[in-house]
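This report refers to the structure that appears directly beneath it.
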Amino acid sequence: MPPWHGGAALLRGARVNWEVADPSGQFREANGMVVEIDCPDQAQVWARREASHPFVGVYERCGLLASRPYFLQTRASAKEARKKGRMDGDVPRYVLWYGEDNEQWVITEEFRLMDELVVDARCKDSAWMPWQAATTWEVSDGDRGFVSDIYVRVEEMIPAPEM
């Protein structure tokens, strides 16, 4: 593998398919079998009511990165957070994802997905889901540093049962 891959990717041909046991106890390849992560489709990022963090709001699950789900802020939440911060202009959306290089959950602007160099908030925890993180979230101070914010948290959003 080329050195720029850093061992992070595998060639499709090198992957092995799942195998299942047949009635005689022998294993055979199950070509169509897939395993998917079972987690909520939405997450909520909270902060103190007076906070003007533009990344608060509802996020929708978009897929997997580093074997963990990543979430994109909804347009409605981005607009609402922008109003709360009394900011004008374009409404950036944020992404909640697991940064494998530094083993932490991060929140970045949408166009910075997979870029751990510029992070708006982080949680130095390697929990499988962001709402399982036990450490405190830190928010960027705008000058290459971070400030601990005990009020920032992520919660899973479980849909109400259908009647």
Side-chain angles (χ1 to χ4, degrees), residues 1-16 18 34-82 84-85 87 89-159:
M1 195 174 308
W4 47 268
H5 275 280
L10 292 174
L11 299 174
R12 179 168 169 67
R15 285 189 278 178
V16 179
W18 285 94
V34 293
V35 176
E36 294 187 19
I37 192 165
D38 182 24
C39 80
D41 290 333
Q42 292 186 319
Q44 173 83 41
V45 176
W46 296 94
R48 192 174 195 155
R49 182 174 295 151
E50 300 83 25
S52 60
H53 304 310
F55 55 78
V56 298
V58 176
Y59 286 66
E60 294 179 333
R61 186 178 64 175
C62 292
L64 293 176
L65 286 174
S67 300
R68 289 172 171 85
Y70 72 98
F71 300 85
L72 176 63
Q73 186 182 36
T74 63
R75 290 188 194 284
S77 286
K79 286 180 184 176
E80 186 62 33
R82 195 76 166 166
K84 192 173 185 180
M87 299 175 209
D90 292 336
V91 180
R93 291 170 71 190
Y94 289 81
V95 183
L96 169 63
W97 55 283
Y98 184 74
E100 216 172 12
D101 292 342
N102 294 312
E103 296 181 353
Q104 63 186 358
W105 283 95
V106 297
I107 298 174
T108 62
E109 285 192 50
E110 179 182 18
F111 73 93
R112 293 200 183 275
L113 180 63
M114 299 182 68
D115 176 6
E116 288 186 66
L117 297 177
V118 180
V119 172
D120 293 273
R122 69 183 183 190
C123 181
K124 294 183 176 186
D125 196 306
S126 61
W128 280 103
M129 303 294 171
W131 47 84
Q132 295 172 335
T135 51
T136 304
W137 280 84
E138 298 175 327
V139 179
S140 173
D141 66 4
D143 191 32
R144 296 191 197 161
F146 287 87
V147 177
S148 180
D149 189 339
I150 61 171
Y151 296 104
V152 172
R153 70 184 189 283
V154 178
E155 293 180 357
E156 61 184 318
M157 292 181 67
I158 300 172

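- Counting only distance, with no hydrogens or angles, the side chain of D149 and the backbone of W137 share no donor-acceptor pair below 3.5 Å.
- Checked by atom type and distance alone, the side chain of E116 pairs as donor or acceptor with a backbone atom of D101 at under 3.5 Å.
- Here the closest non-hydrogen pair linking P69 and L64 is N-CD2, 3.6 Å.
- Under the 3.5 Å distance criterion, the side-chain polar atoms of Y70 are left unmatched by any main-chain donor or acceptor of A66.
- Proximity of a side-chain donor or acceptor of Q73 to a complementary backbone N or O of P54 within less than 3.5 Å is detected.
- Counting non-hydrogen atoms of neighbouring residues, nucleotides and ligands closer than 6.0 angstrom, the CE atom of M114 reaches no more than 12 such neighbours.
- In terms of heavy-atom proximity, K124 sits nearest to T135 at O-OG1, 3.3 Å.
- Taking both residues in full, the closest heavy atoms of E110 and V95 are given as CA-CG2, 3.5 Å, listed atom of the first, atom of the second, then distance.
- Residues meeting the salt bridge (Lys or Arg N to Asp or Glu O under 4.0 Å) test with D41, sequence neighbours left out: R61.
- Using a 4.5 Å heavy-atom threshold, the side chains of E60 and L72 count as separate.
- In this structure, P40 and E156 approach most closely via the heavy-atom pair CG-OE1, 3.3 Å.
- In terms of the salt bridge (Lys or Arg N to Asp or Glu O under 4.0 Å) criterion, residue partners of D115 (sequence neighbours excluded) are, by chain and number, R112.
- Between W46 and V56 the shortest heavy-atom distance is C-CG1, 4.3 Å.
- Judged by distance alone, the side chain of N102 and the main-chain N or O of Q104 form no donor-acceptor pair under 3.5 Å.
- In the displayed structure, W131 atom CH2 is contacted under 6.0 Å by more than 12 heavy atoms of other residues, nucleotides or ligands.
- For the pair V139 and F55, the minimum side-chain heavy-atom distance is below 4.5 Å.
- Considering OH of Y59 and CH2 of W97, their distance stands at 13.0 Å, rounded to 0.5 Å.
- Residue D120 holds its CG atom at 8.0 Å from CD1 of I107, rounded to the nearest 0.5 Å.
- Atom CZ of F146 is separated from atom CD of E138 by 7.0 Å, given to the nearest 0.5 angstrom.
- Separation of atoms CG (L117) and CZ (R144) is listed at 11.5 Å; rounding is to 0.5 Å.
- With a 4.5 Å cut-off on side-chain heavy atoms, E100 and R68 do not count as touching.
- Taking all atoms of both residues into account, the shortest heavy-atom contact from S126 to Y98 is CB-OH, 3.3 Å.
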